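As structure tokens, the structure follows; a few thoughts come after it.
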Amino acid sequence: MSEITHLDETYVAHAYARFPVEIVGGKGALALGSDGRTYIDMGAGIGVNAFGYADPVWRQAVIDQLDAVQHTSNLYFTEPCAKLAQALCERTGAGKVFFGNSGAEANECAIKVARKYASDAWEKAHAEDAQEGEPPAAIITLENSFHGRTLTTLAATGQDHFHGLFKPLTPGFIHVPANDIAALEAACDRPDTCAIMIECIQGEGGVNVLAEEYVQAAARFAQERDMLLIVDEVQTGNGRTGALYAYMDYGIEPDVVSTAKGLGAGLPIGACLLWPKVENVLQPGDHGSTFGGNPVCCAGALSVLERLTDGFLADVRAKGAHIRERLEGAEGIAGVAGKGLMLGISTVKPAGDVVRMCIDRGVLCLTAKDKVRLLPPLNIPDAVLDQALDIIIEVCR
Ligand SMILES: *Cc1c(COP(=O)(O)O)cnc(C)c1O
């Protein structure tokens with residue numbers, strides 16, 4: 001056992017089952033191990049390193065901001081925070097943005113906004129009467145969803161095996177099966193529901209792409225009842241699926257979008273995008289985050305967003321199509337799900353075995369439920385991608 005492995009096992013909480021790889025460096029899509037081996041990183045830090053390791057443009061943006069000011073507080077203004085919010089709003093239909101540090105925090109914000117919006121509306125409607133009762137506060141989420149690890153986002157997550165040991169969770173979440181329009185409508189018709197929260201492509205839940213009619217029905221149901229449609233784009237966002245945000249391929253307008261992972265390209269940032277209908281729900285004192293809007297993270301994120309042009313996104317789609325073309329029909333591969341560079345491979349061999357064998361051959365992959373999941377850097381060079389695919393194909397055979 002290496003010294004670092006030993007220290008980690010001794011002192012770091014055993015919340016993770018790590019692979020026997022210590023990463024000490026990297027360039028682009030290649031990670032360098034402490035054993036001197038290079039690995040093609042097809043997981044990109046779980047979709048975080050959007051431009052791979054040590055990307056020069058992102059690095060320069062971060063370093064320049066680090067030299068200017070690394071942090072102030074949300075008592076004062078900083079340029080990267082304001083400009084990133086502007087860019088996020090101008091590239092979507094959002095009117096305002098709240099910044100946190102992670103996907104879970106972005107979702108916490110979305111949930112708070114949904115509940116406050118519902119309670120503001122309820123108070124307005126009942127201002128005259130002395131009616132007893134409570135505003136609707138329940139949020140509909142999907143089975144197999146994943147929304148984070150805080151007690152509230154865990155409650156939102158529609159996977160029971162995450163819940164067991166941590167009850168009681170935050171109340172007020174209702175899970176319905178994905179792509180079942182009737183079940184969704186029935187849940188929306190309950191008097192206690194105030195929002196629907198979906199991932200357009202479920203990531204941790206197994207790379208399950210939601211049907212277009214389903215997402216459009218969700219948007220319609222929400223609008224008809226003045227409920228909010230929250231789209232969790234923590235994993236799908238920022239170019240990952242070949243659209244700037246995955247909802248854009250569904251012909252809908254959400255009310256709230258949460259995003260994180262690839263937005264920071266390696267630094268922790270989460271953003272909760274608020275469409276005009278809800279942009280003023282949060283008022284001073286309602287919510288906050290000490291590190292939220294950190295100027296270094298925002299400067300890096302702004303450089304990422306600026307590079308996600310239409311041409312770049314077309315390249316992401318082309319790379320994704322190339323992966324599918326090579327993998328679909330290959331021996332030992334039953335199918336490929338997903339979009340752009342967010343793909344889940346159904347393998348005949350157990351996904352965990354495939355991942356371990358790939359590591360031995362110098363390729364880092366992820367799993368999602370029973371699939372092998374690929375989330376490579378968005379700009380992975382074609383030749384490097386083909387090398388990784390050669391190995392994945394051999395291993396799956
Ligand atoms: C990863 C993920 C989260 C949680 O993000 P953290 O940064 O780990 O808090 C939430 N939702 C989705 C869809 C995710 O993929």
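Counting convention: from 1, in listed order, for ligands and their atoms alike. It should be emphasised that the depicted structure is a prediction, and the values quoted were computed from it without experimental measurement.
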Distance under 6.0 Å and angle within 45° of ring axis: Arg115 vs Phe173: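 Satisfied, under 6.0 Å and within 45°.
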Residue pairs involving residues 19-41 (criterion side-chain hydrogen bond (donor to acceptor under 3.5 Å, both in side chains); sequence neighbours excluded):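 Qualifying pairs: Glu22-Ser34, Asp35-Tyr39, Asp41-Tyr53.
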Could you go through residues 256-264 and list every donor-acceptor pair under 3.5 Å that involves a side-chain atom there, pairing it with any protein atom two or more places apart or in another chain?
residue, atom, partner, partner atom, Å
Ser258, OG, Asn107, OD1, 2.5
Thr259, OG1, Glu233, O, 2.9
Thr259, OG1, Asn238, ND2, 2.9

Main-chain N/O of Phe51 paired with Arg307 side-chain donor or acceptor, under 3.5 Å: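 Side chain of Arg307 to backbone of Phe51: no pair is present.
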Transitive ILVMFWY cluster of Leu151, excluding itself - 4.5 Å side-chain cut-off: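 Noted: Leu151 shares its cluster with Phe146, Leu154, Phe162, Leu165, Phe166, Leu169.
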Parallel, tilted or perpendicular: ring planes of Tyr247 versus Tyr245, cut at 30 and 60 degrees: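 Rings of Tyr247 and Tyr245: parallel, under 30°.
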Proximal protein residues to ligand 1, non-hydrogen atoms under 4.0 angstrom: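 Residues Ser102, Gly103, Ala104, Asn107, Phe146, His147, Gly148, Glu199, Asp232, Val234, Gln235, Lys261 each place a heavy atom under 4.0 Å from ligand 1, listed by chain and number.
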